[in-house]
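One structure is given below, encoded as structure tokens.
Remember, it's a predicted structure, so these values are computed and weren't measured experimentally.
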Amino acid sequence: MRGRTAGRPVRAAWLIIVGLAAALFAAGCGSSSSSGSRNTDMAQSVGKTEGQLNLVAWAGYVSNPWKSQFEKETGCQVNVKVAGTSDEMVQLMRTGQYDGVSASGNASARLVDAGDVSPVNVNLVPNYKTIFPDLKDQPYNTFDGTHYGIPHGRGANLLMWNKDSVKPAPDSWDVMLDPKKAAQYKGKISVYDDPIYIADAAVYLKYHQPDLKIDNPYELDKTQFDAAVNLLKEQQPNVGEYWSDALKQISAFASGDDLVGTTWQYQYFALLDKGKPVASSPASQGFVPKEGATGWSDTWMISSQAAHPNCMYKWMNFIVSPQVNAEVAQYFGEAPAQSKSCDPNTLTAAAKAAGLPVNTKFCDQYHAANPDFWKQVYYWETPLADCGDSRGDTCMDYNDWVNAWTDIKG
Amino acid sequence: MEAADALASAPKRSVGRRLADLFHGRGWLQVGGLLSGPLAWLVIGYLGSLAVLLAAAFWNVSALTGEISQTFSLDNFKTLINDSVYRTIAWRTVRVAGLVTITDVILAFPIAFYMAKVASRKAQAALVVAVLMPLWSFYLVKVYAWRTMLSANGVINWALGPLDLHGPGYGITAVWLVMSYLWLPYMILPIFAGLERIPNSLLSASEDLGASPFTTFRRVILPLSFPAVVAGSIFTFSLTMGDYITPELVSNSQFIGNVVYDNITNNLPLASAFAVVPIIVMVIYLLIARRLGAFEHL
């Protein structure tokens, strides 16, 4: 008797568990996916501000003093979510919780094609007129003639080395990618841990193996892609560390575990500040490795689900206003998008406002007004199956890049 | 007066009383009320997330936008089986998990034995605190400490320098070392508890009957503490299987967790499919553990 009465609730509980799990499973299967088509609703006017603004941005893009200045001027309280990678930015924007994003080129196309962002009416952004012309109408911010964002700034990824150990100073990525030269620094090479790094190998091959006929390092057909992947597989035994966490790379260079690698301005400046013997071939020294480099050109985009669109329009105009764009560019270490930011008086005022050393040659050093320089910098793009030329749909898409990256690291 | 009292207490009684009446004599309602909270947590939070994970393993992502398309296919599992790199990574993870477990058993057993059978009461308490101490500090601090120690100019190479030796540096050996360190308390504590349960009289009896210390260990202590060892090994094995931060910080090698982490933003379905692998491995491990009697003394 006792056994029967005790058994029933247990069996009932199991039935409930299994039933609920099945229901959840079905709910998971049945939940709707997003539309997957471009959004074409463009604002026609900027109305009253909503008092709030939620942004997804790279570290350093939304900082004081310009953040609080914006809040004071517009009454829009800014909440910023800092993201570490483009993939993270895409995921955050898909939540629909944010009004805008500072998207790099390897996020923007994905956001536009999935309908996550709306077109931007550039007539409502007065400061857009004086943005450098070579940043306008680019494939990462303009789609079929429609503007989807406001350019923010650009830069090149750096080759950094320990100047006590790496001699002579390298002028080429071969120090990392030529198997013979890289073997000198076996176990001391630092590589960016992201599938997009395959493009760095493609930039190298474009210069050293012209018979592969690589044009755009993000539009690689099977042969070109395999060559780049094989180069990186040869590099793998020489790699000391793959980094995606900037602090991890700083610690490896500071301790001398890594001697040469790809980096960003952020880590380079941080190591210089610590008095570490690092050198680099950055734009600020008028010098990228002879093959050129990968880089980024960022765009402020507005979410198609923005709850505070008026504040977002105010922000897009504010962040490319002459002094503010000069502040953020000098603070971050990148070339400004706003041509008026390069006026010496503006640069000086901006440096003082942001508490940085005055440098009236900033725009020259970062090649802000030098379109020829940027021809050798390949801004991050999302690799697509469509090669964008006569080869048609024969290129390797981003999933192939992600899988190959797992394969390279072994 | 009495009537007024009854009136005043009437509404107070009715709430609690009515609930009590409701539950009285209804066993299923009592059990249901007691268990509904934990059950909801278990089903929605735990089984629910597993169910969604398993469902996602059969989906695909659109290459263009990275969006998930919810159509059933076995492509992810085909990728995992056909691409040798995933087999290499799975095998590497299982191998290191096994190595860490064996290392921890070898290290933990003597410590636990000393704590349970040899040390005085005071020393025992001190040792338990000492074993638990590393668990008080933050996980990342410990891994970063090892990262600094294992560095080319770190303290390990400095100490080995005079002997003309070199530390392991970053790599799989480093992962094995760090994981063995991290999970050691999870092995010591179950073995300690298991050994404490063995009555001293059994050891005396074995000795009285002429067994050598080794025989006593082999025939008495080991069989009685074996379930505790298996229980501890479940911790060390599963914790090693699931970790991805240690491999990231002290090696260049990918473990299952790293691949899952790298794919979770780009290709959630593939990450889900790969996450099924440790589930399968752990189920097999637990089935073996059950056969060995590990759950009879939990």
Side-chain angles (χ1 to χ4, degrees), chain A residues 5 8-10 12-13 16-17 20-22 24-34 36 85 87-88 90-91 94 109-116 187-188 193 195 236 239-242 244-245 248 251-252 255-257 382 384-386 397-400 402-403 405-410, chain B residues 27-28 30-32 35-36 39-40 42-44 47-56 58-70 72 79 83-86 88-89 92 144 147-148 150-154 169-171 248-249 251-254 258-259 262-267 270:
Chain A
T5 48
R8 222 178 252 163
V10 173
I16 294 170
I17 291 178
L20 279 174
L24 269 169
F25 190 88
C29 287
S31 70
S32 64
S33 58
S34 51
T85 64
D87 293 327
E88 204 183 331
V90 171
Q91 290 301 321
R94 298 238 157 108
R110 278 187 269 173
L111 291 170
V112 169
D113 280 329
D116 297 316
K188 305 281 184 192
D193 188 1
Q236 197 271 347
V239 173
E241 234 168 23
Y242 293 96
S244 53
D245 172 1
K248 181 178 145 183
S251 91
S255 66
D257 281 306
T382 308
L384 303 172
D386 178 4
D397 66 30
Y398 192 51
N399 275 351
D400 297 320
V402 174
N403 287 335
W405 188 243
T406 306
D407 210 19
I408 288 164
K409 290 197 292 173
Chain B
W28 54 272
Q30 292 172 15
V31 173
L35 290 182
S36 60
L39 260 186
L42 184 73
V43 172
I44 296 169
L47 292 177
S49 59
L50 273 183
V52 172
L53 174 93
L54 289 176
F58 297 99
W59 294 340
N60 278 302
V61 294
S62 138
L64 185 67
T65 59
E67 280 182 305
I68 292 169
S69 71
Q70 291 161 345
F72 180 88
T79 309
D83 260 347
S84 68
V85 67
Y86 297 106
T88 312
I89 292 166
R92 177 187 296 140
Y144 257 102
R147 181 176 156 82
T148 317
L150 289 162
S151 143
N153 304 315
Y170 300 145
E248 171 83 30
L249 284 175
S251 86
N252 254 344
S253 304
Q254 299 179 100
N258 299 98
V259 176
D262 284 347
N263 279 288
I264 215 138
T265 47
N266 305 312
N267 193 344
L270 184 69

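In this structure, A:Tyr242 OH and B:Ser253 OG are separated by 10.0 Å, a value rounded to the nearest 0.5 Å. Atom CD of B:Gln254 and atom CD1 of A:Ile408 lie 10.0 Å apart (nearest 0.5 Å). Put simply, CD on A:Glu241 and CD on B:Glu248 are 8.5 Å apart, with the number rounded to the nearest 0.5 Å.
In terms of heavy-atom pairs under 4.5 Å with chain B, the best-connected choice from A:Gly240, A:Ser244, A:Gly256, A:Ala252 is A:Gly240. Top candidate by heavy-atom pairs under 4.5 Å with chain A, chosen from B:Asn252, B:Val85, B:Asn263, B:Asn267, is B:Asn252.
Residue B:Leu270 is tested with A:Asn403, A:Thr406, A:Val402 for a side chain to side chain contact (heavy atoms under 4.5 Å, CB included); the sole match is A:Asn403.
Between the side chains of A:Ser255 and B:Asn153, no donor-acceptor pair of N or O atoms lies under 3.5 Å.
A heavy-atom distance below 4.5 Å is found between the side chains of B:Tyr144 and A:Lys248. The side-chain heavy atoms of B:Asp262 and A:Lys409, taken from C-beta on, include a pair separated by under 4.5 Å.
With sequence neighbours excluded, no residue forms a ring pair (Phe, Tyr, Trp, His ring centres under 6.0 Å) with B:Tyr170.
For A:Val239, the parts lying under 4.5 angstrom from a heavy atom of chain B are both the backbone and the side chain. In this structure, chain A has heavy atoms under 4.5 Å from both the backbone and the side chain of B:Ser151.
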